[in-house]
Structure formats: C-alpha cells, structure tokens
J.: 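Structure incoming, see below.
By convention in this document, chain letters (A, B, ...) are assigned in the order of the sequence lines, proteins followed by strands, and residues within each chain are numbered from 1. Reckoned from all heavy atoms, side chains included, excluding hydrogens, waters and symmetry mates.
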2 protein chains.
Amino acid sequence: MTKGTETRTAILDEAADLASRVGLGGLTIGTLATQTGLSKSGLFGHFASKEALQIGVLGRARERFVDRVLRPTLATPRGDQRVRALFEHWLAWQQGGFAGGCLFIDAVSEFDDQEGPVRDELLRSERDKAETVMTIVATAVAEGDLAADLDLEQFAFELQGIILAHHYSCRMLRAPDATDRARTAFERLVASARPR
Amino acid sequence: MTKGTETRTAILDEAADLASRVGLGGLTIGTLATQTGLSKSGLFGHFASKEALQIGVLGRARERFVDRVLRPTLATPRGDQRVRALFEHWLAWQQGGFAGGCLFIDAVSEFDDQEGPVRDELLRSERDKAETVMTIVATAVAEGDLAADLDLEQFAFELQGIILAHHYSCRMLRAPDATDRARTAFERLVASARPR
DNA sequence: CCAAGAAAAGCACGACCGTTCGGATGCGTC
DNA sequence: GACGCATCCGAACGGTCGTGCTTTTCTTGG
C-alpha cells in the first residue's frame, strides 16, 4: 500500500468518526485537517470535492461494517444461530463501531430528503445491507429453524426497527437497559417466526 | 395575537419544514429569510440567537405534533381503540406533518451526540412524548384490552421501533409498502400484548 | 545516490455564515 | 402634531466555508 492511499484511509477513518458525531454534512475540511494533523489543502488533495469525501467516508464505513458485523456473522454456523450472531454483532457495532453511534443511521436521516450522489451511494449501501440480512435469515428458513412461509421482507423490516429503536434509546435517551429491551424484542420476533 | 408573535410563528412553521429537509443544523438564517420574504436582520430580530431559533422550532413542532397526533388520539374512546388511533395518527404525521419527514427523528440523530441546550430541549420533548404514549397504553391495560402484566416500557420501545422503521423505509428506501409493513408489525405487537 | 513524481504545505479567492447596528416605517397615545 | 414603541430593513462586521493555484518536501525506483 503506497503512502497516498495509506493516509487516505487514515483520513477516512477519522472522518467517519467525526461524521458519526456531527453528521456527514457537518463534516468540515478544516477541522478534519486539524484532527488528522494535515493542512487543509494537503488533505483536500486526496479528494476531488467534499462530496467525494463524503462518499469515500460511506465506502470506508461499509468496509468496517463488513469487517465488524458481516464477516464474523458469516463465520458462525448457518441457521438460527447465525441470525442471532448477526443481531448481536449489529448491536455491538452500534455502540463500538464509531465514536458517535452508527454512521449509516445518522446519514440516512440526514440525506433521506437530499437528492444527489451521496444519497444514491447511501441508498445502494442500505439496499445491499438489507439484501445481506435477508439472505442470512433465508438460510435459517432453509435450515428449518424458521417458518418456511416466513415473510423475509417483513422480518427484515421489524429487525431494522429493533436496531433503530436501540440506537434511539441508546444514543438519545441514554437508557441503560436499551440493549436488554432490544434483546427482548428480538426474542419476540424470532419466536413469532418459528415453524409451527 | 400581536403582529410580532404572528410572524414569529410563521417563521417557525417555515423553519420547521425547512429543517425537516436539511436538518436543524442545516438551517440558515439567510435562506430562511428569503423563504419567508423577510430580511436577514428582520428575521433575526425575533430570536436571541440561532440556537434560540432551533429551540423555538422544536417547540413549534411539538405544538403541531400535539394538534395532529395527540389531540385527535385522546378524542377517541379509551383502550384498545385509542392505542390504534395513536398509531395511525402517528403514521400519518410522519408523511404529512412536515415537508421532509418527521422533524423529531431527524433532530434526534443529529443531536444525540451534541451536548447543549438544543439536545436538552429535544430530550425533554422526547421523554414527554414517551410518557404520553405509555399513559395511553396504560389506559388500554386498565380497560382490560391489554394484559395486566404488560411491560409498558417494552411496549413503548417496540412501538417506537416500528415508527422508526416506517420512517426509514418510507423516506430513505421509498418503499411503497412501508405503511403496510408497519401495520403488520403493529398488529403483531398488539396481539402479543393481549391478555391471556 | 539521484532524479522523477507523488504528497503535503502555503497562500489566496469568493461565497456564505451568524451577528450587530443605525435608521427607516407604521401605529397607537397624549 | 409629537411622542414612544414595535417591526423590519440595508449595510457591514469578523469568521469560516470549500476550493483553486504555486511551491516545497518527501518517497521511491533505478
């Protein structure tokens, strides 16, 4: 790895943490430069524009999500157990993935109404994530751990809801029992998806 | 109502719509002034600072939430039916309350990590909302429509999750069946809370 | 060890930010 | 008609934003 791409990823990692606190739009070249010990122009040289930087941050965050959540999940045995692993890793990600909560959740509510390349990239990323989630749940169905007639989209919808509620309860309300509540909700979801 | 407070609320209404699209932090005095047909300074005269403006927006949004969701809900018969009304009005609010989705959801993920008066006000508002929701659910318990040993906090947590997933699915993914999915999830939640 | 090229710094720009200030304008009151 | 008060305006402030240019410093392959 050449020096250029090395500092580039270092910048993106720092930027992702910063953006998880102040949002992708709140990202500033100046503060990001200070944070990384670079000059404004020195940093800017790695990106064509601020928009390109934001998209780069999303890409880097995706890599980290794959490393911290998806890869460990896929390393567990197929079926029920894997769905559980996905949920647990996902929960852990939201608290330890970035300095200020899940970057994607923040980015979604920031860019859901702002058309443009950033939203497009984010949408692609979210669709991809949903697809992966449904695939994992589908294997649990194939294994017979979940009902054969399970509505995958509905399951993914409700799982996403639990994750979002956990993030909300955790980051905004700072409720100490947020994780317990999320687990309880998850158990109820899985129980209702069991084969009858 | 004097002229001053009249334009003030007009400003706040406009600001709320604008903020629902670009976020509370994305609010700018300049564009807001243009939007309302005022001069920058003329507009600014109504608020002590930009932060005060943001807090004012939250207050105005709360008023609108009470008018559009809470008041109609409390006008329906106590119990099961009222919980249902709350959910339906809440869903409608998310699509029709503001130009760019629910302002509170946007504000939460924007300010959950930014200490200060805005976050404090937002937290107060959210706590208050949760309290109201739990009160409404509690009446359904008292009426015998829901189980006597129902965990109110857990119910509120999961209901919030459905609302958030709906917002996510609606505003970001633009899924046409988001409302149906939310209703299905709600039915499952209520069913599991029924007395046994 | 040196030259070629990449990487970072330095500097400056135009635009826009929140905010301040002095002065118009209109409106009730003596 | 003169006054005080509320409302709004235009102009300007210092600061920060993203983004180009030019120059210096560092990295690296032969």
J.: How would you label the contact of B/Leu27 with the nucleic acid (heavy atoms, under 4.0 Å): base, sugar-phosphate, or nothing?
T.: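 It contacts sugar-phosphate atoms only.
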J.: Output the rounded distance in Å from CG (B/Leu53) to P (C/dC17).
T.: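 Distance check: B/Leu53 CG to C/dC17 P gives 14 Å.
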J.: Tell me whether B/Phe157 shares a hydrophobic cluster with A/Met172, the cluster being built from Ile, Leu, Val, Met, Phe, Trp, Tyr side chains joined at under 4.5 Å.
T.: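 In one cluster with B/Phe157: A/Met172, no.
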J.: Rounded to whole angstrom units, what separation is found between the CZ atom of B/Phe44 and the C1' atom of D/dT7?
T.: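 Atom CZ in B/Phe44 sits about 16 Å away from atom C1' in D/dT7.
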J.: Nearest to the side chain of A/Thr28 - D/dC17, D/dC8, D/dG20?
T.: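 It is D/dC17.
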J.: When all nucleic acid strands are considered with a 4.0 Å heavy-atom cut-off, which category describes A/Leu32: base, sugar-phosphate, or nothing?
T.: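 Result for A/Leu32 = nothing.
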J.: So, is A/His46 close to the C/dA8 phosphate, meaning a side-chain N or O under 4.0 Å from OP1 or OP2?
T.: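 Checking C/dA8 against A/His46, a side-chain N or O does come within under 4.0 Å of OP1 or OP2.
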J.: Please pick, from D/dC8, D/dT7, C/dA9, the nucleotide with the shortest atom-to-atom distance to any side-chain atom of A/Ser39.
T.: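 The nucleotide sitting nearest to the side chain is C/dA9.
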J.: Consider ring-ring contact (aromatic ring centres under 6.0 Å, His included). Of B/Phe186, B/Trp93, B/Phe155, which one does B/Phe87 pass it with?
T.: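 Running ring-ring contact (aromatic ring centres under 6.0 Å, His included) over B/Phe186, B/Trp93, B/Phe155 with B/Phe87 returns exactly one hit, B/Phe186.
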J.: So, does the side chain of B/Ser41 form a donor-acceptor pair with the base of D/dG10 at under 3.5 Å?
T.: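 Result: at least one qualifying N/O pair found.
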J.: Quickly work out the B/Leu43 CG to C/dG18 P distance and round it to whole Å.
T.: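 It works out to 10 Å between those atoms.
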J.: What is the separation between atom CD1 on A/Ile29 and atom P on D/dG15, rounded to the nearest whole Å?
T.: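 Rounding to the nearest Å, CD1 of A/Ile29 and P of D/dG15 are 22 Å apart.
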J.: For a quick check of understanding: with a heavy-atom distance under 4.0 Å over all strands, which category does B/Leu38 fall into, base, sugar-phosphate or nothing?
T.: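 Sugar-phosphate only.
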J.: Could you go through the side chain to side chain donor-acceptor pair (under 3.5 Å) check for B/Arg119 and B/Gln114 one step at a time?
T.: CA-CA 7 Å; B/Arg119 195 198 129 88; B/Gln114 305 202 52; over 6 Å; no
J.: Between D/dC17, C/dA7, C/dT19, which nucleotide gets closest to the side-chain atoms of B/Ser49?
T.: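 For the B/Ser49 side chain, the nearest candidate turns out to be C/dT19.
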J.: Remember a base hit wins even if backbone is also touched, and classify B/Gly37 as base, sugar-phosphate or nothing at under 4.0 Å, heavy atoms.
T.: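 Since only primed, P, OP1 and OP2 atoms lie under 4.0 Å of B/Gly37, the category is sugar-phosphate.
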J.: Please report the distance, rounded to the nearest Å, between CD in A/Glu6 and P in C/dA6.
T.: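 Answer to the nearest Å: 17 Å.
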J.: Near B/Glu131 CD, under 6.0 Å, is it more than 12 heavy atoms from other residues, nucleotides or ligands?
T.: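 No.
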J.: From the list C/dT19, C/dA7, C/dA8, which nucleotide is the closest neighbour of the side chain of A/Thr7?
T.: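 Shortest atom-to-atom distance from the side chain points to C/dA8.
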J.: Quick check on salt bridge (Lys or Arg N to Asp or Glu O under 4.0 Å): which of A/Arg183, A/Arg82, A/Arg68 does A/Glu88 satisfy it with?
T.: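 The residue from A/Arg183, A/Arg82, A/Arg68 that satisfies salt bridge (Lys or Arg N to Asp or Glu O under 4.0 Å) with A/Glu88 turns out to be A/Arg183.
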J.: Using a distance-only criterion (donor-acceptor N/O pair, under 3.5 Å, no hydrogens), is the base of C/dG10 paired with the side chain of A/Lys40?
T.: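 Side chain to base: no pair below 3.5 Å.
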J.: Mind calculating the distance between NZ (A/Lys50) and P (D/dT16) to the nearest angstrom?
T.: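 Distance check: A/Lys50 NZ to D/dT16 P gives 15 Å.
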